[in-house]
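So the structure is just underneath, and the comments pick up after that.
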Amino acid sequence: MKDKHLVELLKEMTLAEKVGQLVQLTPDFFAQGGEITGPMQQWQMSEAQSYQIGSVLGTHTAEQVYTIQKQYLEKSRLKIPLVFMADVIHGYETIFPIPLAMAASFDEHLIEKAAKLAAKEAAEAGIHVTFSPMADYVKDARWGRVLESNGEDPTLSSVLTAAYVRGYQGATNNLNKDKKRIAACVKHFVGYGAAEGGRDYNTVDLSDLEIYQNYLPAFKAAIDAGAALVMTSFNTVRGIPATANQPLIQDVLRKKLGFEGLVISDWAAVAELIAHRVAADGEEAAKKAFHAGIEMDMMSDCYMNSLAQIITAAPELQQQLDQAVYHVLKLKDRLGLFDDPYRGLNEADLSVHLDTDTRLSTREAAEKTAVLLKNEDILPLSKNQKIALIGPKADSKDIFGAWSWIGKQEDAVSLKEGLSEKHLDLSVLSYAEEEVLSDHYIEEACKLAEQSDVVLLAVGESSEESGEAASLTKLTLSRRQDVLVQEIAKHNPNVVLILFNGRPLVLSDIEESCKAILIGWFPGSEGGHALANLLTGTVEPQGRLPMSFPRSVGQLPLTYGQLSTGRPKTPDNQDQKYISRYMDEENDALYPFGFGLGYGSCEIEQTTITHISEEEGLYEVNARLINHTEKAHRTLLQLYSQDLVTEVARPIRELKQWRKVLVPAKSSIDITFNISETQFAYVHSDLLLKNDPGKIALYIGFDSKQADKIGEIAI
Ligand code: BGC
């Protein structure tokens, strides 16, 4: 049912006004600087056209939003408020760890809370819609945008993607009432993470089976959670760019996933149909994108310049145009913009800069997302040690990572600042970021290492090295940071590597030089405090890898959930030639999905599987966790499955459920997973998700590799 007042409004609109609603531009078109996240083109726009557009993206301040909206409402005939959108990806002004790190928490509640806090800050700056969450399935760390993802597991990603939507929009999705929430735009529909060679914007060629099984679930989860918008991706799907792909948008997104909101292109993607060479000019690009179902044209002039002519020449498209404009108006209505075009701005308390509770939440998030990959009895640090802190990240404030454009680096807490509050015997030798390490620095660092008991080596990526348009062919430490690690280890074996990174890196050449490795990711505003708490043991590391760390770039794309092959490598056939393996490298990851250490330990005992309801196909899986030590330990118990015989090739192992558990010292805890047969449904060759009878093996463990088989069920 369409809202009557919107239908009435639609009737009053001229063709040019309708087309205008489908155009989104940066604030530059209103003589205001904005966030630039793609190529800029100059195009001519009349004043009348600029007061007809529907949306602005990438404003920086509340004042900017206020000025543009006010000017627009004064000058536009129908006074339909602009909807302001922006990339609020991991916080707005107060910065949370990057999404890949957040996924390491395996904690939907943490993510929902972070999204809620980000929404509040953004809403108070006049933002109505965030271009988040990114639901892209990923398994290639060369692609810099893995930073924005939830990692390599479709089930984990679905759960977390839905949590982002709930956090941004509120569980009741009542954006009209709740002005501290914003609408979510899930992206990039679909397949973007499969860019060939991990090169951003490159060709994608995926089977339908793969798309349905791995790429759609997180989008479905976001849509089921009520995501208001979907952004299409830059890449091709079955040869046709998503922006011009009618079957993809109409049959898959609209019909199969039941999406009823607004479909927006990615930045300039409509015009880029010309570069893809599937459109000869802007008019053809507009025609193809519009036919496909793109409703809002982000940052290209194709709709603005050609859509009116296209509709005039083909009046049968009028209804589709009205439908698209209706979706824009409906979004504005849902957000309450017709009643309050300055939504959020009035609620803002501009005297509060960086709310303390939000900062503390980013610290909590950073503490819960760092992953300890190795620890040979060296962490946590103790007070009586002489500690050297060395490396380009030692005192760096470049710890936000990509997509943190509003956050100010001066508000970040560096590792040095965090550690200085811990009353340690600490000497610091930092180095300018983004510069290749000099021989002189490495020599000085080695001298300091020699005089110390423990060396904290803070290294990693700069913000520019991960994210959009940051594809890499080498994933080892850059700028001679690997040389620094190896040289230091020659002078002091007690090396603790602290990594700041936006993607899995290849650590094969340096891991042996380190006694401990802590993955801090880009940890956000309170990174230094969080890492200091982790290193000194105030907090136990509890992050688990959401994406495998490869041994070598040559293994990519890599996932723990690879399909079974006809010639699998097994412990018994290592000496044979004709099996699926590399001659110069292992098949598996150096650190697998789900892996991470804490400072304590526990064991799994007494696992049972009970068939509790035949009719409903329900099972209960029980496991007892025993902590024999004197220290409480927090861990992530993971339940995996393998369907033994299937119609299409299936992953060797699939994560089904997980649970964070605190096992007190010298005690045990019983954990129950309730599992239903429907969780073993898989996409068949007819692209339908269904169960078929057969046996399923279940595994329980602390990561995807070490999980032990606990039995089989027959469904
Ligand atoms: C990115 C999107 C982003 C958009 C707007 C594009 O370059 O691919 O993820 O939301 O810019 O900033």
Side-chain angles (χ1 to χ4, degrees), residues 23-29 33-41 53-60 64 83-92 98-100 115 118 122 125 127-138 143-150 161 164-165 168 182-195 198-202 204 218-219 222 227-237 241-243 262-273 275-276 289 294-300 401-407 464 466-471 502:
V23 175
Q24 182 180 66
L25 299 175
T26 60
D28 304 76
F29 290 84
E35 179 68 4
I36 308 298
T37 64
M40 288 294 280
Q41 286 151 359
I53 70 155
S55 177
V56 169
L57 84 155
T59 47
H60 277 242
Q64 217 180 17
V83 53
F84 288 86
M85 308 195 191
D87 293 282
V88 183
I89 308 294
H90 51 116
Y92 185 69
I98 52 166
L100 187 62
I127 303 301
H128 308 135
V129 175
T130 173
F131 296 127
S132 169
M134 187 177 102
D136 291 312
Y137 172 70
V138 297
W143 192 52
R145 299 196 82 169
V146 301
L147 170 146
E148 298 167 58
S149 78
N150 292 312
T161 302
Y164 276 106
V165 175
Y168 291 132
I182 55 179
C185 174
V186 59
K187 66 189 186 184
H188 307 86
F189 194 75
V190 66
Y192 189 22
R199 200 179 80 213
D200 209 357
Y201 318 121
N202 200 11
V204 166
F219 284 93
L229 295 89
V230 170
M231 185 191 296
T232 48
S233 52
F234 289 120
N235 55 275
T236 47
V237 174
T243 317
L262 180 67
V263 179
I264 184 169
S265 77
D266 203 344
W267 180 294
V270 177
E272 288 169 13
L273 294 176
H276 269 288
I294 297 293
E295 297 177 317
M296 188 171 269
D297 176 1
M298 182 200 295
M299 277 306 282
S300 101
W403 297 114
S404 51
W405 45 293
I406 297 292
E464 294 299 309
S466 277
E468 185 172 354
S471 298

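Order of appearance sets the numbers: ligands from 1, and atoms from 1 within every ligand.
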Does an N or O from K187, backbone or side chain, lie closer than 3.5 Å to an N or O of ligand 1? yes
Consider ring pair (Phe, Tyr, Trp, His ring centres under 6.0 Å). Of F234, F219, Y137, which one does F189 pass it with? F219
Check: E468 N/O within less than 3.5 Å of ligand 1 N/O: yes
How close do V146 and G502 get, counting heavy atoms only, and between which atoms? CG2-O, 4.1 Å
Side chain, backbone, both or neither: which applies to M134 and ligand 1 if a contact is any heavy-atom pair less than 4.0 Å apart? neither
Check: V88 main-chain N/O paired with Y168 side-chain donor or acceptor under 3.5 Å: yes
What about D87: any of its N or O atoms under 3.5 Å from an N or O on ligand 1? yes
By side chain to side chain contact (heavy atoms under 4.5 Å, CB included) - contacts of S404 (at least two apart): H90, I95, F400
Taking only non-hydrogen atoms of M85, do any sit less than 4.0 angstrom from ligand 1? no
What atoms in ligand 1 come closer than 4.0 Å to a heavy atom of F234? 7 (O), 8 (O)
Within a distance under 4.0 Å of any heavy atom of D266, pick out the atoms of ligand 1 and give their elements. 1 (C), 2 (C), 3 (C), 4 (C), 6 (C), 7 (O), 8 (O), 11 (O)
In terms of ring plane angle, is the pair W405 and Y92 parallel, tilted or perpendicular, where the classes change at 30° and 60°? perpendicular
Under the side chain to side chain contact (heavy atoms under 4.5 Å, CB included) test, residues paired with A227 that sit two or more places apart: V165, V186, A222
Using heavy atoms and a 4.0 Å limit, tell me yes or no: is M299 in contact with ligand 1? no
For ligand 1, indicate whether the residue R145 contacts it via side chain, backbone, both or neither (heavy-atom separation under 4.0 Å). side chain
